[in-house]
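Quick caveat, the model's predicted, so the values are computed rather than measured. Note that these values count all heavy atoms, side chains included, but never hydrogens, waters or copies made by symmetry. Proteins come first, then strands; the chains are lettered A, B, ... in the order of their sequence lines, and each starts at number 1.
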Number of protein chains: 2
Amino acid sequence: MAKNKGPRRPKAETPKGFRDYFGAEVTARKAMLDRIAAVYHRYGFDALETSAVETVEALGKFLPDVDRPNEGVFAWEEDADWLALRYDLTAPLARVAAQYRNDLPSPYRRYAMGPVWRNEKPGPGRFRQFYQCDADTVGAASVAADAEICAMLSDALEEVGIPRGDYVIRVNNRKVLNGVMEVAGILDPADPSKFEHERGIVLRAIDKLDRLGVEGVRALLGEGRKDESGDFTKGAGLGAVQSDVVMGFMDALRDSGAATCARLRELVGSSQGGTEGVGELVEIAALLDSQGYGPDRIIIDPSVVRGLGYYTGPVFEAELTFEILDEKGRPRQFGSVAGGGRYDDLVKRFTGQSVPATGVSIGVDRLLAALAAKGRLDDAALGPVVVTVMDRTRMADYMGMVNELRAAGIRAEMYLGNPKNFGNQLKYADKRQSPVAIIQGEDEAARDVVQVKDLILGAKLAVDATVEEWKSQPAQVEVPRADLVATVREIMGRHG
Amino acid sequence: MAKNKGPRRPKAETPKGFRDYFGAEVTARKAMLDRIAAVYHRYGFDALETSAVETVEALGKFLPDVDRPNEGVFAWEEDADWLALRYDLTAPLARVAAQYRNDLPSPYRRYAMGPVWRNEKPGPGRFRQFYQCDADTVGAASVAADAEICAMLSDALEEVGIPRGDYVIRVNNRKVLNGVMEVAGILDPADPSKFEHERGIVLRAIDKLDRLGVEGVRALLGEGRKDESGDFTKGAGLGAVQSDVVMGFMDALRDSGAATCARLRELVGSSQGGTEGVGELVEIAALLDSQGYGPDRIIIDPSVVRGLGYYTGPVFEAELTFEILDEKGRPRQFGSVAGGGRYDDLVKRFTGQSVPATGVSIGVDRLLAALAAKGRLDDAALGPVVVTVMDRTRMADYMGMVNELRAAGIRAEMYLGNPKNFGNQLKYADKRQSPVAIIQGEDEAARDVVQVKDLILGAKLAVDATVEEWKSQPAQVEVPRADLVATVREIMGRHG
């Protein structure tokens, strides 16, 4: 029944592709991020919180080429400048590393956690604002920095509740891939820009191995591939021999890191960059092995390339290896929850000087989903004890009960709605997932007692109690007012 | 030396009015907010995190009246809609309360913490992105809800480190002010829109009492006021008698809450709304008194009105009463760090139905500044122990030391820069505010010992000392490699 009078009312809606997070959705994520931050802190990483807003110029990747640079970012014009919401935490880090290069310690280890924004078409489970959680070391050329990031990622995953054996961190090196491309004839060290387009296609094809399978990737290396919808993706145009070389790279995983590296060394042949890359992998594996981060946690795996173009050396990806059921109830591997690598050119954009950097980004929502699947989330936070209001003139007494409970560290509240309908108060307690409700009417007040209702037991009884059990009302006890806190504590202890 | 070749490099700068937060600036704020959140949680408040982006329509206050609604908010057009960054946490709460009104418990207690954005001219210490920390109860008409918010605010201030006696929470009621305006003849209950403009001027004038003094406020109540720069602000145009009534209200504070309320009752005379407002104040004071929140923490104070137009009942403000030195070294009261009140009409914008609501917002940056002034900030977080690299071929050994320290819960890192120049490693440790540095050269390795340097004790050590000078310092001990962790722990314990 729309009204015809008065101004149109605004719609109470989140913008398309955005969402709100309630209660445990907020606190479970926060608890997870706090645990990760503690690991990062122990590793000597410092917190950094940049502003959500950057100049489009500093973000770089999405420079405006139309009237309004709305490709990928949320942007707006201010005076002569375009401003935009950050789309990741790496671009702001590069800006910070350049801006404060004379003040920051070098190497600079930093972690950052917070929302980023993407101006993309929203879809089911795809939001335009989501959390990222990054750790990076800027100014360290040594692969010891990459090894440290991998070890720290391993520690962080275990710290939040992914048991050892349920994850693996795969490490590869872009230099090795480049060496293989050199052998395949699509990279000329003397003219790096030649075949750049083809190499991009190869990179993205390899990155899709788990989705497209060997045949799909092979098609993309060659002429191209028609997907299920009939759309055709043009391939890199490699010949059969060239494709064999690339596919051989992806198939180079062996039983041990040493054997894999030996195989890679064969594959990169005389490529100087490729040989260097294999050497780095050997060094990373040795450093990690020496610290007990063996192949049960971190392995050398040539199939990992990471889609992003800016990686220049080691790349890594954390994959969860346990199975979950997908929307159709079929078991599938959980998959990737974090990834990163070395990118030596991002700071150079600003300063002209190459600055070595390496880092990792955890997919916060995916890791949260994984913890939920493992039953490891801190989302079971109980609702508050609800002190009901039986007598409006005795608010101070009820408030006193609440205060005693709170002082004892027990989450508690007085019912603040209209107390007239007692049923509403119990419905409220139910909606709040309260473990316990407190009742004190005129009669109880006169006798200086309270009724303490165990709502968890009550819910259980409501489902499967016998008539006798029900009549005996085991879920409700009357105790002296002075025993209120002790009684509540005891009941809550029962439900752990 | 600008280069003439190549594309122009982007500037590495935060946009005007935005800033970055480093290390302890992030973690000290987080620690403070965590403490506040724990109090709010204990009071039964649930976390809510809305998206940073809202439709301009939902934000309401800043509806576009020009081509681009850039007054006060950062906004951009998307398809037919205008989107904007939230400018506070109350407008999104009103939207949420309307959008999920059938699913949320009622009353709905929620807290929210996060950045908000204001498209205002930046100034010294004024940023266009800053944190807010809010707690609100939606759907509770009872002033017990207001009393609870005041008690919770008091608990939160003490929890973060503001001792009792160093703050006071002042409570007033807009209804009382309205009653006074009725008596002064600038509010007609039968025609509330009449004199609305004048009442706005009166409200803002009263809110400036501490800045402008009695004379300044009186001028604004009358014809107007010329400020120091010569700018003239038009006044409300009240006559002398009318102004006397209003000024009498601001002067109604008495020795006890009861006496203040009695004086207010006189002032509002026969105004029905005003009498109701005084009754609410009496009730709030009684509820708080009964819980031990006496006038040493919370007082009835008619001079508090809060500038915002949307308050409809009780308003409150937390003021820190200790003195700090201002930029010019003069002592001054710290002033307000939090404020709030009852606003019963914000949800109505969406639903047409009035929903009672009350809440408080803590000025995060101001409270942090207060804690810093009191020396109560968690910003003394020590830097990591730095394990220096004397021998590039023994990275695994150094990494092993770091890992042992980390496993013992000690923040530690290996120097990851170029180890060639040992002085740089010491400079680095200095910049990191490291408490301890570890050194193991070839000689020490052969003897299975390490040098453990107490950097706090040796703080005056020249950063360019040679290795030999460094080693001769008394703050340095040589211990067996096996005693590394115990030695570091002992030194750090010394510095507490």
Student: Please check if any side-chain donor atom of A:T358 sits under 3.5 Å from a side-chain acceptor atom of A:D146, or the reverse.
Tutor: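 Looking only at side-chain atoms, A:D146 and A:T358 do form a donor-acceptor pair, the distance falling under 3.5 Å.
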Student: Give the member of B:L287, B:N418, B:V39, B:D289 that has the highest number of heavy-atom pairs under 4.5 Å with chain A.
Tutor: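 Top count of heavy-atom pairs under 4.5 Å with chain A: B:L287.
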Student: Identify the two heavy atoms, one from A:V355 and one from A:G139, that lie closest to each other, and give their separation to 0.1 Å.
Tutor: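 In terms of heavy atoms, the two residues are closest at CG1-N, 4.0 Å.
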Student: Using non-hydrogen atoms only, which part of A:D103 is less than 4.5 Å away from chain B: side chain, backbone, both, or neither?
Tutor: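 Backbone only.
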Student: I need the residue from A:S106, A:A97, A:A286 with the largest number of non-hydrogen atom pairs under 4.5 Å to chain B.
Tutor: A:S106
Student: Quick check on A:R29 against chain B: is it the side chain, the backbone, both or neither that has a heavy atom closer than 4.5 Å?
Tutor: side chain
Student: Any idea which of A:G417, A:A98, A:P105 has the most non-hydrogen atom pairs under 4.5 angstrom with chain B?
Tutor: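 Of A:G417, A:A98, A:P105, A:P105 has the most heavy-atom pairs under 4.5 Å with chain B.
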Student: Using heavy-atom distances under 4.5 Å, tell me whether B:Y293 contacts chain A through its side chain, its backbone, both, or neither.
Tutor: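 Only the side chain of B:Y293 comes within 4.5 Å of chain A.
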Student: If you measure from the Lys or Arg side-chain nitrogens to the Asp or Glu carboxylate oxygens, is any gap between A:E159 and B:R406 under 4.0 Å?
Tutor: no
Student: Between A:K348, A:E54, A:E13, which residue shows the highest count of heavy-atom pairs closer than 4.5 Å to chain B?
Tutor: A:E13
Student: A:L83 versus chain B, heavy atoms under 4.5 Å apart: side chain, backbone, both or neither?
Tutor: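 Answer is side chain: those atoms of A:L83 sit under 4.5 Å from chain B.
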Student: Could you look at B:A37 and say if it's the side chain, the backbone, both or neither that has a heavy atom under 4.5 Å from chain A?
Tutor: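 Nothing of B:A37, per the 4.5 Å heavy-atom cut-off to chain A.
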Student: Specify which of A:P419, A:P384, A:A151, A:A396 makes the most heavy-atom pairs with chain B at under 4.5 Å.
Tutor: A:A396
Student: Select one option (side chain, backbone, both, neither) describing which atoms of B:K16 are under 4.5 Å from chain A's heavy atoms.
Tutor: neither
Student: Which heavy atom of A:E25 sits nearest to which heavy atom of A:D20, and what is that distance?
Tutor: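 That closest heavy-atom pairing would be OE1-O, 3.9 Å.
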Student: Take A:Q99 and A:F350, measure what side-chain contact (heavy atoms from CB on, under 4.5 Å) needs, and give me the verdict at the end.
Tutor: CA-CA 9 Å; A:Q99 184 171 351; A:F350 297 101; over 6 Å; no
Student: For the residue pair B:M113 and A:K30, establish whether any side-chain heavy-atom pair is separated by less than 4.5 Å.
Tutor: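 No, their side chains stay 4.5 Å or more apart.
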Student: Are there residues of residues 397-405 of chain A that reach to under 4.5 Å of chain B by heavy atoms, and which ones?
Tutor: A:M399, A:G400, A:N403
Student: Measure from NZ or CZ of A:R128 to the centre of the six-membered ring of A:F74, then state whether that distance is under 6.0 Å and the direction lies within 45° of the axis.
Tutor: no
Student: Between B:Y415 and B:Y428, what is the ring plane arrangement, given parallel below 30°, perpendicular above 60°, and tilted in between?
Tutor: perpendicular
Student: Applying side-chain contact (heavy atoms from CB on, under 4.5 Å), name anything that partners B:A140, two or more places apart in sequence or on another chain.
Tutor: A:L416, B:P107, B:T137, B:A145
Student: Measuring heavy-atom distances to chain A, does B:R95 have an atom under 4.5 Å in its side chain, in its backbone, in both, or in neither?
Tutor: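 Contact with chain A involves both backbone and side-chain atoms of B:R95.
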Student: Look at A:Y21, A:Y43, A:F18, A:F22 and state which one has the largest set of heavy-atom pairs under 4.5 Å with chain B.
Tutor: A:Y43
Student: Between B:Y111 and chain A, with a heavy-atom cut-off of 4.5 Å, which part of the residue counts as in contact: side chain, backbone, both or neither?
Tutor: side chain
Student: Which bit of B:V53 is near chain A, if near means a heavy-atom gap under 4.5 Å: side chain, backbone, both or neither?
Tutor: both
Student: Of all the heavy-atom pairs spanning B:T351 and A:R9, show the shortest one and how long it is.
Tutor: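 For B:T351 versus A:R9, the nearest heavy atoms are O-NH1, 3.4 Å.
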Student: Using non-hydrogen atoms and a 4.5 Å limit, figure out which bit of B:Y108 sits close to chain A: side chain, backbone, both or neither.
Tutor: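 Looking at B:Y108, just its side chain touches chain A.
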Student: Taking every heavy-atom pair that is under 4.5 Å apart, which of B:V347, B:L288, B:L104, B:D81 has the most such pairs with chain A?
Tutor: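 Between B:V347, B:L288, B:L104, B:D81, the count favours B:L104.
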Student: Could I get the full list of salt bridge (charged side-chain N to carboxylate O under 4.0 Å, His left out) partners for B:E413, not counting sequence neighbours?
Tutor: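 Salt bridge (charged side-chain N to carboxylate O under 4.0 Å, His left out) check on B:E413 returns A:R109, B:R432.
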Student: Can you tell me which portion of B:A94 sits under 4.5 Å from chain A's heavy atoms? Options are side chain, backbone, both or neither.
Tutor: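 Neither part; nothing is under 4.5 Å.
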Student: Pick one of side chain, backbone, both or neither for B:S290, based on which atoms fall under 4.5 Å of a heavy atom in chain A.
Tutor: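 It is the side chain, since no backbone atom gets that close.
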Student: Go through B:D34, B:T50, B:T14 and name the one with the most non-hydrogen pairs under 4.5 angstrom from chain A.
Tutor: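 Among B:D34, B:T50, B:T14, the one with the most close pairs to chain A is B:T14.
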Student: Looking at B:M395, B:K11, B:E49, B:M414, which one has more heavy-atom pairs under 4.5 Å with chain A than the rest?
Tutor: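 The residue among B:M395, B:K11, B:E49, B:M414 with the greatest pair count is B:E49.
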Student: Highest number of heavy-atom pairs under 4.5 Å with chain B: which of A:R42, A:K431, A:Q129?
Tutor: A:R42
Student: Checking side-chain contact (heavy atoms from CB on, under 4.5 Å) for the pair A:Q425/A:V389: CA distance, chi angles, key distance, verdict?
Tutor: CA-CA 8 Å; A:Q425 301 199 44; A:V389 174; 4.2 Å; yes
Student: Any sub-3.5 Å donor-acceptor pair from B:R86's side-chain atoms to B:P115's backbone N or O?
Tutor: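 Yes, the answer is positive, given that a donor and an acceptor are paired below the 3.5 Å cut-off.
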Student: Identify, with sequence neighbours excluded, every residue that meets salt bridge (charged side-chain N to carboxylate O under 4.0 Å, His left out) alongside B:E283.
Tutor: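 None.
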Student: Of the backbone (N, CA, C, O) and the side chain (C-beta and beyond), which part of A:L85 lies under 4.5 Å from a heavy atom of chain B, both, or neither?
Tutor: side chain
Student: Starting at CD of B:E77, measure out to CH2 of A:W76 and round the result to the nearest 0.5 Å.
Tutor: 15.0 Å
Student: So, does B:R411 use its side chain to make a donor-acceptor pair with the main chain of A:F45 at under 3.5 Å?
Tutor: yes
